[in-house]
Amino acid sequence: MRLFVSEGSPGSLPVLAAAARARGRAELLISTVGPEECVVPFLTRPKVPVLQLDSGNYLFSASAICRYFFLLCGWEQDDLTNQWLEWEATELQPVLSAALHCLVVQGKKGEDVLGPLRRVLTHIDHSLSRQNWPFLAGDTESLADIVLWGALYPLLQDPAYLPEELGALQSWFKTLSTQEPCQRAVETVLKQQGVLALRLYLQKQPQPQPPPPEGRTVSNELEEEELATLSEEDIVTAVAAWEKGLESLPPLQLQQHPVLPVPGERNVLITSALPYVNNVPHLGNIIGCVLSADVFARYCRLRQWNTLYLCGTDEYGTATETKAMEEGLTPQEICDKYHAIHADIYRWFGISFDTFGRTTTPQQTKITQDIFQRLLTRGFVLRDTVEQLRCEQCARFLADRFVEGVCPFCGYEEARGDQCDKCGKLINAIELKKPQCKICRSCPVVRSSQHLFLDLPKLEKRLEDWLGKTVPGSDWTPNARFIIRSWLRDGLKPRCITRDLKWGTPVPLEGFEDKVFYVWFDATIGYVSITANYTDQWEKWWKNPEQVDLYQFMAKDNVPFHGLVFPCSVLGAEDNYTLVKHIIATEYLNYEDGKFSKSRGIGVFGDMAKDTGIPADIWRFYLLYIRPEGQDSAFSWTDLLIKNNSELLNNLGNFINRAGMFVSKFFGGCVPAMALTPDDRRLVAHVSWELQHYHQLLEKVRIRDALRSILTISRHGNQYIQVNEPWKRIKGGEMDRQRAGTVTGIAVNMAALLSVMLQPYMPTVSSTIQTQLQLPPAACRVLATSFICTLPAGHRIGTVSPLFQKLENDQIENLRQRFGGGQAKGSPKPAAVEAVTAAGSQHIQMLTDEVTKQGNIVRELKAQKADKNQVAAEVAKLLDLKKQLALAEGKPIETPKGKKKK
């Protein structure tokens with residue numbers, strides 16, 4: 001067989017990715033040809049890719065060629081995959097071809113390119129969200145995934161065309177894009193030029209016909225599409241659940257202490273990466289580990305799963321010894337001091353640990369030494385002489401993290417002695433170019449010392465077998481899967497597990513009494529010892545793999561230790577340890593345009609957040625809203641102001657406050673009787689659907705996306721109130737007053753539901769809402785799977801008051817300068833520039849509010865099926881406001897096309 005591909009031909013992407021599967025199954029020659037070369041003799045136009053079969057026949061559509069390669073590999077056809085392929089050909093390709101031509105050939109950008117694509121991208125996202133699979137047709141990558149990925153890659157590789165609200169699509173796209181066959185295909189076809197590599201090819205293709213107009217505004221597309229997908233059966237089921245009310249909730253389980261797994265029930269063990277004790281965590285550390293894990297732990301408790309959430313400070317190692325020297329304290333005193341600082345920070349942020357421990361305990365020594373002895377006995381520990389860096393000026397061997405130099409792999413100039421933060425590769429400190437001692441900045445020398453090694457190559461087969469059973473169908477994040485695959489692809493090497501230090505877990509072996517275990521070997525064992533200090537029945541959690549689901553939260557740099565080193569250690573120990581089922585790893589959170597730096601005073605650190613005057617729940621909300629899931633994200637003061645004032649104050653807080661105030665003002669503080677109309681029943685069903693979507697997302701640990709479901713429900717609530725105007729109807733006749741009661745009753749029950757959905761994200765705000773509404777205890781502690789009436793007619797609520805305060809521009813500007821460090825001091829703004837900045841922020845906020853308000857007007861008119869001309873006029877106003885907002889934010893403005901008169 002011979003495969004003909006061309007640089008810059010978009011169809012070559014999926015074909016090359018699929019061809020990688022067929023290697024070894026048949027002899028395949030791949031030839032690169034020019035875009036104008038006629039490979040197929042009977043076609044009137046040049047065509048690539050082309051597969052020439054051994055029979056002399058040709059396949060010349062990307063989908064057919066990919067199908068052939070998959071069939072060679074033993075793939076069995078299924079209806080769902082075939083349906084996706086039909087959809088790709090008839091729905092996706094026409095709009096995608098037009099979008100690529102618009103971008104690459106005509107040079108247009110923004111909504112001109114993305115607008116026509118939103119519907120098809122949303123369809124893929126919704127399909128991925130509703131099923132419990134990471135791929136389009138199941139737990140493993142299919143022909144449909146490769147064909148759609150190849151079609152979409154040229155456009156979606158630019159984040160500007162992959163909307164952040166489509167989280168499921170983002171996750172799917174990143175998973176496939178990080179696979180080696182796909183990466184090689186990209187290198188071959190796009191040649192590091194991105195979408196511009198397609199220009200020559202696209203210029204020679206007939207101009208595609210633009211897709212027909214959608215006839216709806218982008219802002220409301222999602223909501224209308226979801227409302228349209230509800231069947232009558234869905235509505236009947238949702239209303240039946242609503243009417244059952246509190247009696248449909250499962251009985252409350254007694255909260256036990258200590259929390260222990262129960263056979264036959266769902267048992268969830270959650271860890272967040274242990275922070276180094278001598279570092280004060282910044283916002284990126286907090287969202288990457290403890291806050292993300294806290295949301296999931298709180299959600300699990302609302303499901304009444306037996307849930308143990310633990311963390312603690314990682315206290316051994318050179319970093320602690322050095323900090324103690326700096327502050328004139330003993331290592332233990334440093335640990336005591338900073339452990340209390342960490343605990344206080346997490347307490348202020350509302351982190352709900354069941355136990356927050358530490359690694360400097362007798363249990364840590366006992367369990368670590370036991371695992372080591374078992375590894376030693378089974379032949380998984382090697383001895384070898386190691387060349388190490390020693391700082392003669394400091395008179396000590398240097399821990400890897402106290403050596404900096406140039407990465408031998410990628411040339412990054414600030415690589416640490418154990419790992420490069422830029423390329424992610426592990427490094428032996430002596431491999432660094434131009435090494436420096438981080439303490440005194442002198443050049444260390446190489447000295448020899450005997451050490452112990454974990455024989456990872458000997459454990460590699462066990463690890464791969466375990467990963468093969470665990471990862472498919474799990475909720476490992478795409479970056480975690482990619483990092484572990486990269487390690488295995490390069491082959492595992494023995495890894496040193498001892499260090500020439502005093503502050504650490506002692507090595508129980510003759511000849512090694514002056515050494516301790518390397519912190520990366522015993523730090524992850526800290527999870528086990530912290531549990532052992534919490535309960536003497538710790539083995540029910542940690543030696544119970546059949547009944548315990550272990551979720552581990554971390555930033556991506558910790559993945560190798562949790563997904564490879566610790567599993568190898570306990571697999572080799574052969575003591576039935578519970579192994580991680582789900583690794584949830586974030587990317588990095590940056591600060592404005594740079595990185596957090598305590599020494600330079602740049603960024604907000606945990607001990608500073610409470611001094612800003614901004615409540616902890618606002619910090620929680622914003623960090624979770626920008627959680628770096630698919631790619632790095634950045635904290636922005638301006639964005640914090642906008643999200644607080646628009647999403648919290650104007651959307652969520654506005655709806656909940658209005659719902660409660662209508663009960664107090666119009667109905668004497670008692671929930672009125674409700675008589676549901678067909679529109680009300682449809683709203684109940686839609687809220688139920690959004691709640692179920694929230695459950696699906698959080699069960700898959702899609703934390704940021706699930707937060708969007710909360711905000712969507714509150715937006716629907718605001719629209720519902722605006723359309724029905726209970727403040728006017730209460731002044732009318734009996735029918736109007738009854739209608740006002742129904743609208744108010746449904747709205748206040750939506751507020752009650754939101755209070756429980758908010759509990760994992762904003763626990764203090766959640767509790768405040770529940771107190772104001774006097775929500776029954778059973779409804780506060782369990783989150784139903786359907787929208788139910790928890791506040792029936794006659795229920796008396798408490799005193800209602802606003803939940804959120806507006807953040808002002810001058811307040812935010814002061815905080816920006818306060819936490820700007822050297823950047824703020826080094827380049828002060830002239831007063832005139834500061835005035836313009838403040839005025840600009842005010843103008844942006846005003847326009848944001850106007851866009852929200854106008855969007856509500858458009859949605860109301862559509863919901864009422866108003867005259868098309870009236871709707872068109874209001875849509876025009878909305879588009880004009882959006883353009884003004886884009887201009888104020890410094891985004892490019894696209895000139896609208898005029899319509900031709902008939």
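Only this structure's heavy atoms are used, side chains among them; waters, hydrogens and symmetry mates stay out.
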Cut-off 3.5 Å, side chains only: do [X] and [Y] have a donor facing an acceptor?
X: Trp172; Y: Asp145; value: yes
X: Arg481; Y: Gln179; value: no
X: Glu88; Y: Gln93; value: yes
X: Thr122; Y: Asp125; value: no
X: Glu690; Y: Ser709; value: yes
X: Arg2; Y: Ser31; value: yes
X: Arg627; Y: Ser292; value: yes

Listed by chain and number, what are the side-chain contact (heavy atoms from CB on, under 4.5 Å) partners of [X], not counting sequence neighbours?
X: Ala19; answer: Leu3, Leu28, Phe69
X: Asn57; answer: Leu53, Ser55
X: Gln193; answer: Lys191, Ala197

Please check this pair: side chain of [X] against backbone of [Y], looking for a donor-acceptor N/O pair closer than 3.5 Å.
X: Gln631; Y: Glu587; value: no
X: Asp475; Y: Ile584; value: no
X: Thr477; Y: Ala585; value: yes
X: Ser474; Y: His582; value: no

Would Arg708 count as a cation-pi partner of Tyr625, with NZ or CZ less than 6.0 Å from the six-membered ring centre and within 45° of the ring normal?
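Yes, Arg708 and Tyr625 form such a contact.
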Has Lys581 got its NZ or CZ under 6.0 Å from the middle of the six-membered ring of Tyr551, at an angle within 45 degrees of the ring axis?
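No, cation not above the ring by the 6.0 Å, 45° rule.
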With a 6.0 Å cut-off on the ring centroids, do His123 and Trp84 count as close?
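Centroid separation for His123 and Trp84: below 6.0 Å.
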Can you check side chain to side chain contact (heavy atoms under 4.5 Å, CB included) on Lys556 and Ile483, steps first, answer last?
CA-CA 8 Å; Lys556 62 183 177 184; Ile483 289 166; 4.0 Å; yes
How long is the straight-line distance from [atom2] of [Y] back to [atom1] of [X], given to the nearest 0.5 Å?
X: His126; Y: Leu121; atom1: NE2; atom2: CG; answer: 11.0 Å
X: Leu488; Y: Arg485; atom1: CG; atom2: CZ; answer: 10.0 Å
X: Ser688; Y: Ile713; atom1: OG; atom2: CD1; answer: 9.0 Å

So Phe787 and His686, ring pair (Phe, Tyr, Trp, His ring centres under 6.0 Å) or not? Walk me through it.
CA-CA 9 Å; Phe787 178 30; His686 188 57; over 10 Å; no
Within a reach of under 6.0 Å around CD of Gln83, are more than 12 heavy atoms found that belong to other residues, nucleotides or ligands?
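12 or below, so no.
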Any side-chain heavy-atom pair of Trp87 and Val120 under 4.5 Å:
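They are in contact (side-chain heavy atoms under 4.5 Å apart), so the answer is yes.
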